[in-house]
Structure formats: structure tokens, C-alpha cells
Amino acid sequence: MDKQQLHNRLEQLHGELQQIESVDEGEQQLLQKLMSDIKKLIEAGESDHHHVSDRLGEGLKEGIELFEASHPQATMLMGQAIDALAKMGI
């Protein structure tokens with residue numbers, strides 16, 4: 001997967017996360033953190049990718065556990081994003 005495909009996948013995930021409603025305060029904080037980290041990774045320069053992607057990867061894993069039952073589409077995209085980051089060595 002090239003960087004453009006990764007960015008497209010992250011943009012798709014960002015859009016899906018924006019649609020999640022009816023969450024408690026902790027879930028809302030995680031969603032905001034994920035969306036912020038996705039945006040930073042998309043906009044980041046090459047040197048910043050590893051720092052941002054490490055944080056994003058941790059947040060995505062947490063998001064999968066938290067939203068797996070209630071938001072299967074979002075968790076599927078989170079898993080794909082984790083796989084894409086890993087394949088690119090980011």
C-alpha cells in the first residue's frame with residue numbers, strides 16, 4: 001500500500017468516526033484524539049510520521065475494543081488502518 005492509499009483509508013476512517021454519536025465522555029475523548037491524530041498524520045511531514053503513527057496505532061487499538069460491538073464499520077476501518085500502517089513500516 002502506498003502513502004496515497006493510506007491517506008485515502010485514513011480520510012475514510014476520519015469520516016466514519018465523525019458520524020459516531022451517542023457516546024459517553026470517555027468515548028468522545030477517544031474519538032476526538034483519533035480524529036486529531038488522523039488529521040496530523042495526513043498532514044505530517046515524513047519526519048513526523050513515526051511519532052504520530054505510534055500514537056494513532058495505540059488509539060486505534062483502544063477504539064477497536066471500545067466500539068467493536070456498537071460501530072462495526074468504524075472498527076473494520078480502524079483494523080485496516082492499523083494493518084496499512086504496519087505494512088508501510090510506519
Side-chain angles (χ1 to χ4, degrees):
M1 176 176 287
D2 66 19
K3 289 181 185 178
Q4 186 59 45
Q5 289 173 319
L6 173 62
H7 285 189
N8 291 343
R9 178 87 27 98
L10 291 174
E11 288 174 354
Q12 184 180 12
L13 173 58
H14 190 273
E16 186 69 28
L17 294 177
Q18 288 179 313
Q19 296 178 26
I20 294 178
E21 297 177 2
S22 303
V23 293
D24 66 28
E25 187 175 325
E27 293 169 337
Q28 184 62 37
Q29 288 176 353
L30 176 61
L31 287 173
Q32 289 174 347
K33 178 180 163 245
L34 287 172
M35 288 188 290
S36 173
D37 287 347
I38 288 169
K39 187 172 182 176
K40 286 178 187 173
L41 185 60
I42 290 170
E43 296 172 352
E46 193 69 34
S47 62
D48 296 331
H49 270 161
H50 288 287
H51 175 68
V52 175
S53 65
D54 287 345
R55 214 175 51 224
L56 177 59
E58 292 173 19
L60 290 171
K61 289 175 186 173
E62 185 179 346
I64 287 172
E65 291 177 18
L66 196 59
F67 297 112
E68 190 168 21
S70 60
H71 298 88
Q73 178 68 20
T75 55
M76 180 193 71
L77 291 170
M78 288 180 200
Q80 290 174 351
I82 289 171
D83 290 343
L85 289 169
K87 286 178 184 174
M88 291 186 68
I90 296 177

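Everything numeric here is computed off the predicted structure, so don't read it as measured data. Quick note: residue numbers are just sequence positions, from 1.
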Does a side-chain heavy-atom distance below 4.5 Å link Glu58 with Glu62? no

Between CD of Glu21 and CD of Gln19, what distance do you get to the nearest 0.5 Å? 8.5 Å

About how many Å separate CD1 of Ile38 and NZ of Lys33, when rounded to the nearest 0.5 Å? 11.0 Å

Taken in chain and number order and not counting sequence neighbours, the residues that satisfy side chain to side chain contact (heavy atoms under 4.5 Å, CB included) with Gln18 are His14, Met35

Heavy-atom side-chain proximity of Lys40 to Arg55 below 4.5 angstrom: yes

Please name all residues satisfying side chain to side chain contact (heavy atoms under 4.5 Å, CB included) with Glu27, sequence neighbours left out, ordered by chain then number. Val23, Asp24, Leu66, Phe67

Would you indicate whether the side-chain heavy atoms of Leu13 and Leu17 approach each other to under 4.5 Å? yes

What is the minimum heavy-atom distance between Ala81 and Leu60, and which atoms define it? CB-CD1, 3.9 Å

Kindly compute the distance separating CD (Glu16) from CD (Glu11), expressed to the nearest 0.5 Å. 14.5 Å

Ile20 side, atom CD1; Leu31 side, atom CG - distance, nearest 0.5 Å: 5.0 Å

Where do Ala84 and Leu6 come nearest, in terms of heavy atoms and distance? CB-CD1, 3.7 Å

Taking atom CG of Leu34 and atom NZ of Lys39, what is their separation to the nearest 0.5 Å? 15.0 Å

Would you give the length of the straight line joining atom CD1 of Ile82 to atom NZ of Lys61, rounded to the nearest 0.5 angstrom? 6.0 Å

